Amino acid sequence: MCEFIILFLYFAAINSRINKHKYHTKLQFMAKELTSRSENYSQWYNDLVIKADLAEASAVRGCMVIKPYGYAIWEKIQGQLDRMFKETGHVNAYFPLFIPKSFFSKEAEHVEGFAKECAVVTHYRLRNDDQGKGLVVDENAKLEEELIIRPTSETIIWNTYKNWIQSYRDLPILINQWANVVRWEMRTRLFLRTTEFLWQEGHTAHATREEALEETLKMLQVYATFAEEYMALPVIKGVKTESEKFAGAIDTYTIETLMQDGKALQGGTSHFLGQNFARAFDVKFLNREGQLDLVWATSWGVTTRLIGALIMAHSDDNGLILPPKLAPIHVVIVPIHKNEEQLSQISAKAEVLKKELESKGLSVKYDGRDTHKPGWKFAEYELKGVPVRLAIGPRDLENNTVEVARRDTLEKMIVPADTVGTYIPELLANIQENIFRRASGFREKNTHRVNTWDEFREVAEVKGGFAYAHWDGTSETEAKIKEETKATIRCIPLDNEPEEGKCIYSGKPSKQRVLFAVAY
RNA sequence: CGGGGUGUAGCGCAGUUGGCUAGCGCGCCACGUUCGGGACGUGGAGGCCGGAAGUUCGAGUCUUCUCACCCCGACCA
């Protein structure tokens, strides 16, 4: 308690020192060449992915190259999620990219759901054509059984689990894998929907229904915590309707997020698979009572799509805004100098600050390149969403100060150089919080409780955002609503309060509101 | 997979009723002056005009086919 008070007073003292030197400037310039959100939101997104150097289209239709800066964000996401999976008792493993076609047909709903978008390997050899047509498929090298490139791994995994499980003592199995999957999509967009994408898929096996259900919800909560605390993205947890659930699941749980254009984006899913896959692959175990029983299953995943969510939730017309906890670079230091001598003095000072900040666990980049002017660098790092920028010029050398600029608000202030080591970590925490608060505020402003069909249509077709509305619980009504407005039921929220009402479409009685939105 | 659009230098574009050595801006390279919000000057490099076939004395330009990408629908994380 005593330490706490001392610490508090210490920070208060620093803050008052900073305030003396503080000035605010709201910057009005626009980043060159970046389409504004109001002009064309979807173009803004495309521009941003390219200009921030996150990814680009590849020579392969529908597939992207994730560039180093984009991949660095994915590595931050992976790193944190992997820690959280381990903390909840999971281990990593790896299963094959190829799945024998026959495995797929074993679970009826599952095939039904994925058959339309599978890439299939039919041959295993190429040869040089005798007629000079170049390299051709060797028809003599046809596979006995075609291989599917995994769109998801339930089938190969449950085929394997069958051999691992004999008794309740072999359970639970709590495995995750980091992998790539392929789903042959017609229309693709960088990060949001590509033919090949990276993801993580957890596959667990349990002795009881209760335990599997608990696992499903536990991992949903891991995703929700990750989204809110790391991505600074508020989520709504819920369960999918029959028509929106995973092919082969009993229930699909989801975290739903809202993007700046008013469209919803599913951030992660956790499936309660019941005994469906155990039945399909004949995975039985001897329970404590000495009876054979089918194993209970879950699976759960998030994909590189999260990077798309990160971009669309927070960024502005100047470029990316990354939450500090997922930013590859926390702080960039830019020198401002008139000559070589000044540059070397400033560099020396910058290196000291860099070391100090790095000792606090921050990732710091000093950009001492002489090939670009400071203004160019400012714009560049704003485009890339680096949360904090320090600028050091001759005036700062004289006054022993640095200029601190925060990316989320574009505010600039002068602070004493000696306080940087304590001030910056605080500022980063503050930015993380502010971004989350801003996204939450946006979501609140764009969440509507609607009671009539007209109100509903206005949200779906004009205003955008989430609509809480009564629904009669039938797939028919759900399909009609989608057909007429493009809005879908994102989920039935877990924290729903029961409420008597009438379905906005059919007028039939309803016991609760469900969450509707037009979605990505 | 249906409807619409675009392919000319790394990127964004111009290129006339078919005609001479295919241009412009940005970027790139060299040198110099600059550097507290995307600097400027001078010089330079860079093109099988998406690909194939055809019409023609002659094709970036006309015809056919093909491929890729973008936008709108159906499908999806």
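Below, all heavy atoms of this structure are taken into account, side chains as well, without hydrogens, waters or symmetry copies. Everything numeric here is computed off the predicted structure, so don't read it as measured data. Every chain is numbered from 1, with letters handed out A, B, ... down the list of sequences.
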Without decimals, in angstroms, what is the distance between [X] [atom1] and [N] [atom2]?
X        : N     : atom1 : atom2 : answer
A:Asp47  : B:C71 : CG    : P     : 11 Å
A:Trp44  : B:C71 : CH2   : P     : 15 Å
A:Asp53  : B:C11 : CG    : P     : 14 Å
A:Ile50  : B:G10 : CD1   : C1'   : 13 Å
A:Leu343 : B:U34 : CG    : C1'   : 14 Å
A:Glu341 : B:U34 : CD    : C1'   : 17 Å
A:Asn46  : B:G12 : CG    : P     : 13 Å
A:Asp367 : B:G38 : CG    : P     : 16 Å

Same-atom distance ([atom1]) from [N] to [M], integer angstrom:
N     : M     : atom1 : result
B:U63 : B:G7  : P     : 15 Å
B:C20 : B:G12 : C1'   : 28 Å
B:C13 : B:G60 : C1'   : 14 Å
B:C57 : B:G41 : C1'   : 47 Å
B:A9  : B:C28 : C1'   : 11 Å
B:U56 : B:G2  : P     : 34 Å
B:U17 : B:C11 : P     : 28 Å
B:G46 : B:G25 : C1'   : 15 Å

Q) Side chains of A:Ile66 and A:Trp74: does their closest heavy-atom pair fall under 4.5 Å? A) no
Tell me which nucleotide, if any, is Watson-Crick or G-U wobble paired with [N] when both distances must be under 3.5 Å.
N     : answer
B:G47 : none
B:A68 : B:U6
B:G73 : B:C1
B:G25 : B:C11
B:U42 : B:A30
B:G19 : B:C57

Quick one: which of [options] gets closest to the side chain of [X]?
X        : options             : result
A:Lys373 : B:C35, B:C75, B:C71 : B:C35
A:Lys338 : B:G36, B:G38, B:C35 : B:C35
A:Asp370 : B:C76, B:G36, B:U34 : B:U34
A:Glu117 : B:G36, B:C76, B:G38 : B:C76
A:Glu185 : B:C76, B:G38, B:C71 : B:C76

Find every protein N or O atom lying less than 3.5 Å from an N or O atom of nucleotides 67-69 of chain B, and list the pairs.
residue	atom	partner	partner atom	Å
B:A68	OP1	A:Arg61	NH1	3.3

Under the salt bridge (charged side-chain N to carboxylate O under 4.0 Å, His left out) test, residues paired with [X] that sit two or more places apart:
X        : answer
A:Lys263 : none
A:Glu56  : A:Lys67
A:Arg183 : none
A:Asp251 : none

Q | Toward the 5' end of RNA chain B, by each residue's nearest nucleotide, A:Arg395 or A:Arg183 | A | A:Arg395
Q.
Return whichever of A:Asn339 or A:Phe191 has its heavy-atom-nearest nucleotide of RNA chain B closer to the 5' end.
A. A:Asn339
Q. Is there a donor and acceptor pair closer than 3.5 Å between the side chain of A:Arg193 and the base of B:C76?
A. yes
Considering residues at least two apart in sequence or located in another chain, which fulfil the side-chain contact (heavy atoms from CB on, under 4.5 Å) criterion with [X]?
X        : answer
A:Ile336 : A:Pro374, A:Phe378, A:Ala391
A:Leu48  : A:Leu34, A:Trp44, A:Ala52, A:Ile311, A:Ser315, A:Leu320, A:Leu383
A:Ala93  : A:Phe95, A:Ile175

Q) Should the pair A:Phe246 and A:His271 be assigned to parallel (<30°), tilted (30 to 60°) or perpendicular (>60°) ring geometry? A) parallel
Q.
Just to be sure I understand the rule, does A:Leu192 reach a base, reach only the sugar-phosphate, or reach nothing, if contact means heavy atoms closer than 4.0 Å?
A. base
Q. With a non-hydrogen cut-off below 4.0 angstrom, is A:Pro335 in contact with a base, only sugar-phosphate, or nothing?
A. nothing
Q | Donor-acceptor under 3.5 Å (A:Gln260 side chain, A:Met312 main chain) | A | yes
Q.
Please report whether the ring centroid of A:Phe85 lies less than 6.0 Å from that of A:Trp300.
A. yes
For nucleotides 4-9 of chain B, which of its nitrogen or oxygen atoms have a protein nitrogen or oxygen under 3.5 Å away, and what is each distance?
none

(Q) On the six-membered ring of A:Tyr69, is A:Lys384 placed so that its NZ or CZ lies under 6.0 angstrom from the centre and within 45° of the ring axis? (A) yes
Anything under 3.5 Å between a donor and an acceptor, one on a side chain of residues 219-232 of chain A, the other on a protein residue two or more places apart or in another chain? List them.
residue	atom	partner	partner atom	Å
A:Gln221	OE1	A:Lys237	NZ	2.5
A:Gln221	NE2	A:Thr225	OG1	3.1
A:Tyr223	OH	A:Gln200	OE1	3.0
A:Tyr223	OH	A:Gln200	NE2	3.2
A:Tyr223	OH	A:Gly301	N	3.0
A:Thr225	OG1	A:Gln221	O	2.9
A:Glu228	OE2	A:Val235	N	2.9
A:Tyr230	OH	A:Gln80	NE2	3.2

**Q.** Sub-4.0 Å heavy-atom contacts from residues 478-494 of chain A onto RNA chain B, ordered by number
**A.** A:Lys482, A:Lys486
(Q) For A:Lys76, is the NZ atom crowded, meaning more than 12 foreign heavy atoms sit under 6.0 Å from it? (A) yes
Q) Quick one: salt bridge (charged side-chain N to carboxylate O under 4.0 Å, His left out) pairs with a partner in residues 336-353 of chain A, sequence neighbours left out? A) none
